[in-house]
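Heads up, the thing below is written out as structure tokens.
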Amino acid sequence: MSILPRDFYARDTVIVAKELLGKNLVRLIDNKIVSGVITETEAYRYKDDPASHAFVGMTERNKAMFGEVGRAYVYFTYGMYHCFNVVARGHKFDAGAVLIRTMKPQKGISEMMKNRNTNKISNLTNGPGKLTQALQITKKHYGVDLARRTELYITNGKIISAKIIAGRRIGIKTGIEKNWNFKIEI
DNA sequence: AATCGGATCGTCT
DNA sequence: GACGATCCGATTG
């Protein structure tokens, strides 16, 4: 499997969000591969998107969204969970990221079960907080380069011919008219 | 099946 | 000082 090149992320955030569906998210934990196929994403852009963390301008938390594309933007929320995003934007915007909400587990399932404290595969990575828990993604991965083969990266999946379902983004109060939540059923 | 409240703390005003 | 780009278990219908 080849790693997605930086160019992949240097396009409009909404396009990248759609195209990340079906790709493999790979995490190395103690030299063991833990991975899955991305099945749901959300695009968060910049000045045209009041729901985006970047909307208010650059802060200590969101500065990764303004940084190099192809890197991780991880933030802590609700006092207990982390959310994992990939920085992506086209030339029209100075900030943007794609939230990875869900994936279908492939490798390292027992490791994920341990991290999530459940043996139900369907409950391992079916939500943004669950996914980071299963993959042990925390703020220490803030800014990690996903376009290089390190402990967290994204590769081309098999060609998946699945219909992309667009809908409203979850858990936000503004910008709800934008259908920037994308998923596939595989 | 749908709804509700509690957990818990970093981040921003 | 208030509030989440959430999850879970309990309760209700």
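If you're wondering where the values come from, they're calculated on a predicted model, not measured in any experiment. Letters go in sequence order (proteins before strands), and every chain restarts at 1.
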Q) Using a cut-off of 4.0 Å on non-hydrogen atoms, how would the nucleic acid contact of A/G79 be classed: base, sugar-phosphate, or nothing? A) base

Winner on side-chain proximity to A/N123, out of C/dA5, C/dC8, B/dT13, is C/dC8

Checking C/dT6, B/dT8, B/dC12 against the side chain of A/M80 (C-beta onward), the nearest is B/dT8

Atom NE2 of A/H82 and atom P of B/dT11 are separated, to the nearest Å, by 10 Å

Here the distance between atom P of B/dG6 and atom OH of A/Y81, to the nearest Å, is 15 Å

A/R61 CZ to B/dG10 C1', in whole Å, measures 8 Å

query: Is any side-chain heavy atom of A/Y153 closer than 4.5 Å to a side-chain heavy atom of A/N24?
result: no

Practice item. Check whether NZ of the Lys or CZ of the Arg A/R11 lies under 6.0 Å from the centre of the six-membered ring of A/F8 and within 45 degrees of that ring's axis. Key: yes

To the nearest angstrom, the CZ-C1' distance between A/R101 and C/dC7 comes to 11 Å

So, for A/H53 and A/Y75, is the gap between ring centers shorter than 6.0 Å? yes

*Would you say A/R116 reaches C/dC7's phosphate, i.e. side-chain N/O to OP1/OP2 under 4.0 Å?*
no

Q) For A/L99, which contact category applies under a 4.0 Å heavy-atom criterion: base, sugar-phosphate, or nothing? A) base

According to a strict under-4.0 Å criterion, is A/T77 in side-chain N/O contact with OP1 or OP2 of C/dT6? no

Taken to the nearest whole Å, CG/A/L131 to C1'/C/dA5 is 14 Å

Considering only heavy side-chain atoms of A/K173, the closest of C/dC7, C/dA5, C/dG4 is C/dG4

note: A/N62, atom CG; B/dG10, atom C1'; distance rounded to Å ~ 14 Å

- Task: Would you please determine if the base of C/dT6 is stacked by A/Y78, with stacking meaning a centroid separation under 5.5 angstrom and planes under 30 degrees?
- Result: yes

Select base, sugar-phosphate, or nothing to describe what A/R169 touches, counting heavy atoms under 4.0 Å on all strands. nothing

A/F76 has its side chain closest, among C/dA5, B/dT13, B/dG10, to B/dG10

Rounded to whole Å, OH of A/Y75 lies from P of C/dC3 at a distance of 18 Å

Could you tell me whether the side chain of A/V87 reaches within less than 4.5 Å of the side chain of A/E68, counting heavy atoms only?
no

Rounded to whole Å, the CD-P distance (A/E40 to C/dT6) equals 10 Å

Does A/K120 place a side-chain N or O at less than 4.0 Å from the phosphate oxygens OP1/OP2 of C/dC8?
no

Greater than 12 external heavy atoms within 6.0 Å of A/E60's CD = no

Of the listed B/dT13, C/dC8, C/dA5, the closest approach to the A/K130 side chain comes from C/dC8

